[in-house]
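Everything quoted here is computed from the prediction, not taken from an experiment. Read the numbers this way: they start at 1 and go in the same order the structure lists the ligands and their atoms. Sequence positions, counted from 1, serve as the residue numbers for this chain.
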Amino acid sequence: MSKIVIYWSSTGNTESIANKIAGDLGVEAKALAETSVDEVKNYDVIVFGSPAMGAEELDEDETRPFFEELLPQIGDKKLALFGSYGWGGGEWLDSWEEEATNGGANVVAKLAVMGDADAVDADAYDAFIAALN
Ligand SMILES: Cc1cc2nc3c(=O)[nH]c(=O)nc-3n(C[C@H](O)[C@H](O)[C@H](O)COP(=O)(O)O)c2cc1C
């Protein structure tokens with residue numbers, strides 16, 4: 001199965017998690033600005049990262065437009081969601097998953113990390129990676 005890791009990150013925390021995941025999957029992590037919906041929609045497994053912004057929301061400038069364009073085109077793919085947060089306990093990711101599921105996506109895994117790649121819980125991380133296969 002072809003896999004791609006894509007992310008948006010304001011201060012590098014989600015980027016560091018993206019790079020860790022991509023390294024373990026043997027693929028490259030791409031910032032949203034380095035790819036396109038037309039490219040991403042061709043992969044079997046799409047691993048999409050974006051941090052908690054706003055008030056438990058997605059970044060509105062880059063992530064949301066990309067996600068809203070992608071969502072209707074990936075119902076037959078696997079989608080995994082991840083990202084970094086500061087204080088909200090991962091609420092933004094639950095909302096994101098709900099939105100994706102309501103939009104017809106097959107969400108197979110999610111991983112919320114308080115901080116950067118060094119703060120990843122090992123068991124949660126292993127389960128996340130295992131769900132991508
Ligand atoms: C404008 C702004 C809004 C934020 N809103 C939230 C929030 O609602 N909940 C939360 O847990 N963290 C929030 N954070 C904290 C970020 O999610 C956190 O710093 C994260 O590590 C940033 O990841 P990044 O380095 O990939 O951008 C916010 C940060 C900023 C700058």
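Minimum interatomic distance between Leu32 and Glu62 (heavy atoms only, all atoms of both residues): CD1-O, 3.9 Å. Taking every heavy atom of both residues into account, Ala80 and Leu132 meet most closely at CB-CD2, 3.4 Å.
Close N/O approach between Gly86 and ligand 1 is found [any backbone or side-chain N/O within under 3.5 Å]. Between Gly12 and ligand 1, an N or O atom pair is found at a separation short of 3.5 Å. Polar contact check, Ser9 against ligand 1: a nitrogen or oxygen pair lies under 3.5 Å apart. At under 3.5 Å, a nitrogen or oxygen of Asn13, whether backbone or side chain, sits near a nitrogen or oxygen of ligand 1. Of the N or O atoms in Ser84, one or more lie within a sub-3.5 Å distance of an N or O in ligand 1.
A side-chain N or O of Lys3 and one of Asn133 form a donor-acceptor pair less than 3.5 Å apart.
Given atom 3 (C) of ligand 1, the protein heavy atom at minimum distance is Gly54 N, 3.5 Å. Closest to atom 17 (O) of ligand 1 among all protein heavy atoms lies Ala52 O, 2.6 Å. Among protein heavy atoms, the minimum distance from atom 1 (C) of ligand 1 is reached at Met53 SD, 4.0 Å. Of the protein's heavy atoms, Pro51 CB, 3.3 Å lies nearest to atom 23 (O) of ligand 1.
Linking Ile, Leu, Val, Met, Phe, Trp and Tyr residues whenever their side-chain heavy atoms come within less than 4.5 Å places Phe48 and Tyr85 in a single cluster.
Side-chain contact between Ile17 and Phe82: present, with at least one pair of heavy atoms (C-beta onward) separated by less than 4.5 Å. You'll find the side chain of Asp44 stays beyond 4.5 Å of the side chain of Lys78, heavy atoms only. You'll find the side chain of Lys41 stays beyond 4.5 Å of the side chain of Ile46, heavy atoms only.
Taking 4.0 Å as the cut-off, Trp87 counts as a neighbour of ligand 1 on heavy-atom distance.
Ligand-side atoms of ligand 1 in range of Glu56: 7 (C), 8 (O), 9 (N), 10 (C), 11 (O), range being under 4.0 angstrom from any heavy atom. Close approach of ligand 1 to Ser10 is summarised as follows: ligand atoms under 4.0 Å from at least one heavy atom of the residue are 24 (P), 26 (O), 27 (O). Of all atoms in ligand 1, numbered sequentially from 1 with element shown, those under 4.0 Å from a heavy atom of Gly88 are 10 (C), 11 (O).
Between Trp8 and Phe66, the distance separating the two ring centers is not shorter than 6.0 angstrom.
The nearest protein heavy atom to atom 25 (O) of ligand 1 is closer than 4.0 Å.
The pair Arg64-Glu99 meets the salt-bridge criterion, with a side-chain N (NZ, NE, NH1 or NH2) lying under 4.0 Å from an Asp/Glu carboxylate O.
The proximity of Ala55 to ligand 1, defined as any non-hydrogen pair under 4.0 Å, is limited to the backbone.
In terms of modelled atom types and a separation under 3.5 Å, the side chain of Asn13 and the main chain of Ser9 share no donor-acceptor contact.
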